[in-house]
Number of protein chains: 2
Amino acid sequence: MPIKEAVRPGGRSARVQEAVHQAVRELQAVKSRDELTVPQVAELAGVTPSTIYRRWGNLAELVADVSVERMRPDEDPVDTGTLAGDLQAWGEQYLEEMTSVPGQRALNDVMASADNGRRERCCRYSESLMATLRERALSRGEAAVPPLERLVDGVVAPMTYRLLYDRESATAANLRRWIVRALAVEDAD
Amino acid sequence: MPIKEAVRPGGRSARVQEAVHQAVRELQAVKSRDELTVPQVAELAGVTPSTIYRRWGNLAELVADVSVERMRPDEDPVDTGTLAGDLQAWGEQYLEEMTSVPGQRALNDVMASADNGRRERCCRYSESLMATLRERALSRGEAAVPPLERLVDGVVAPMTYRLLYDRESATAANLRRWIVRALAVEDAD
DNA sequence: GCTCATAAAGCAAATATTTTGCGTTTGTGC
DNA sequence: GCACAAACGCAAAATATTTGCTTTATGAGC
């Protein structure tokens, strides 16, 4: 049984959704963001524009929807044997993904959505990933595993901040510093 | 000599820009984001829609432009006598501003801009503010003033992350923790 | 399996918007 | 002052969006 969305899992509805998403992905590969239009997507997907407008509201929400999908982690994070290593491995891959041209566009599209539920969903991906790595470290018996919150504030937040505002500094070297610092701090408050 | 933008500082151009910005602000106070339209703004500002389209491209860029202005710090940060105090005071005010309804909208509008120069400009405000507070602390002779980069990663980044993705946790209490941690860490890398 | 109720899609006309070409106004540099 | 070019106004044309109504297909109850 495939993973389903909340739109009447059944038949036509799901088919339309898939066709529209697919059409967006194909067009995005060829056209820049502001050449993309709803009527174009509709034609390629073989649906009427009004279908798209009624379901997604406008182009911004549609592309945001597609981009959130794109950002969902598809594979389990690699196990390097240490929390620091896992964080670095995941982070480097994430940075590479998000500094790429399509990655940057996906990020922009998600941020442009008026529905902040979408943005939240997207950041939950990173947070639950942190939780996974943390559990893994605990079950290995690693010492000094920081609380989840510290991983989020110490690693995910700076990374995200750089990706959004200043991607020149979204580098693997900086990532290493964030990790070291997050794992080094012993106590506070 | 007032601060000028890069649009032919002179007369008409500047007047039009001001009229349009003003019209956007007035309409935003009354209408929700997706009731706002370019023709409406144009009428209230007393200009033709084509003027707006040619100058800003579309509504998203226009409202982003207005919002960046709105986010420019207008007054000097208060001096509390310590770096920690200054950070807390500034941060609390910033959080309050940005969790308010108009603040959230401004944030969204800026993030929705396709021009990431705009986003960058907006984050430079915070960074240069950090630099100011840091200089102030140094000239007071405070011990253990962390490098600018650590203030950005340790305080601004988590705050921004929370504001964007999970504003429930954008609180003064968390802010305090970020500050304590940023100032406490002695070394890394 | 069959029927019914209903959510979602199609279609097309009505609106609203965005784009564009061209003439006019208005700062800016000489 | 004068000439040049940038920015604006206007209006027609091209697009995109909304909306009312019809048709189709799914899921529930029998």
Side-chain angles (χ1 to χ4, degrees), chain A residues 1-24 26-28 30-66 69 109 112-115, chain B residues 1-24 26-28 30-66 69 109 112-115:
Chain A
M1 194 191 305
I3 299 163
K4 296 173 175 178
E5 296 301 326
V7 260
R8 254 206 185 193
R12 184 168 62 165
S13 213
R15 275 197 306 281
V16 166
Q17 159 145 342
E18 180 47 32
V20 170
H21 275 212
Q22 180 59 28
V24 169
E26 284 180 28
L27 286 172
Q28 274 184 330
V30 178
K31 308 176 96 81
S32 85
R33 168 56 209 269
D34 47 58
E35 289 166 340
L36 204 63
T37 69
V38 169
Q40 270 176 352
V41 174
E43 185 179 19
L44 182 55
V47 301
T48 23
S50 63
T51 295
I52 294 181
Y53 287 118
R54 280 202 245 254
R55 211 152 129 185
W56 282 276
N58 56 47
L59 185 59
E61 295 304 320
L62 172 56
V63 296
D65 194 36
V66 173
E69 284 304 292
D109 290 344
S113 169
D115 171 12
Chain B
M1 193 193 304
I3 298 163
K4 295 176 179 179
E5 296 301 325
V7 259
R8 257 202 186 197
R12 183 168 63 166
S13 213
R15 273 197 309 279
V16 166
Q17 158 145 342
E18 179 47 31
V20 170
H21 275 211
Q22 180 60 29
V24 169
E26 284 179 29
L27 286 172
Q28 274 185 330
V30 179
K31 308 176 97 82
S32 85
R33 168 56 209 270
D34 48 58
E35 291 167 338
L36 204 64
T37 68
V38 170
Q40 268 176 353
V41 174
E43 184 178 20
L44 182 54
V47 301
T48 328
S50 63
T51 295
I52 294 181
Y53 288 117
R54 280 201 246 254
R55 207 148 134 189
W56 283 277
N58 56 47
L59 185 60
E61 296 303 320
L62 171 57
V63 296
D65 194 35
V66 173
E69 284 304 292
D109 290 345
S113 169
D115 170 13

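Numbers restart at 1 for each chain; the letters A, B, ... are given by sequence-line order, proteins then strands.
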Pick the nucleotide of DNA chain D nearest each of A/L59 and B/G46; which residue has the one closer to the 5' end?
B/G46
Just checking B/T37: base, sugar-phosphate only, or nothing, at a heavy-atom cut-off of under 4.0 Å?
sugar-phosphate
What is the separation between atom CD1 on B/I52 and atom P on D/dG9, rounded to the nearest whole Å?
9 Å
Looking only at side-chain N and O atoms, does A/R55 come under 4.0 Å of OP1 or OP2 in C/dG10?
no
From CZ of B/R15 across to P of D/dC8 the rounded distance in Å is 11 Å
Is it true that atom CD of B/E43 has more than 12 heavy atoms of other residues, nucleotides or ligands lying nearer than 6.0 Å?
no
May I ask you to verify whether the side chain of A/R12 and the base of C/dA8 hold a donor-acceptor pair under 3.5 Å?
yes
Would you please confirm or rule out a distance under 4.0 Å between OP1 or OP2 of C/dA9 and any side-chain N or O of A/T51?
no
Tell me which nucleotide among D/dA16, D/dT19, C/dT19 gets nearest to the side chain of A/P39.
D/dA16
Nearest-Å distance, CD (B/E43) to C1' (D/dG9)?
15 Å
OP1 or OP2 of C/dT18 versus the side-chain N and O atoms of B/Y53: is any pair under 4.0 Å?
yes
May I ask you to test the B/V41-B/Q28 pair for a side-chain heavy-atom distance under 4.5 Å?
no
With a 4.0 Å limit, can you tell me whether A/R54 has a side-chain N or O closer than that to the phosphate oxygens OP1/OP2 of C/dA8?
no
Between B/N58 (CG) and D/dA16 (P), how many Å, whole number?
14 Å
Output the distance between atom CZ (B/R55) and atom CG (B/D65), rounded to the nearest 0.5 Å.
9.0 Å
I'd like to know whether CD of B/Q22 has more than 12 heavy-atom contacts from other residues, nucleotides or ligands below 6.0 angstrom.
yes
Got a donor-acceptor pair under 3.5 Å from the side chain of B/S13 to the base of D/dC8?
no
Counting N and O atoms only, with roles assigned by atom type, does the side chain of A/T37 sit under 3.5 Å from a partner on the main chain of A/Q40, one being a donor and the other an acceptor?
yes
Taken to the nearest whole Å, CD/B/E35 to C1'/C/dT15 is 17 Å
Rounded to whole Å, please give me the gap between CH2 in B/W56 and P in C/dT17.
18 Å
So for B/S50 and D/dC10, does any side-chain atom that can act as donor or acceptor lie under 3.5 Å from a complementary atom in the base?
yes
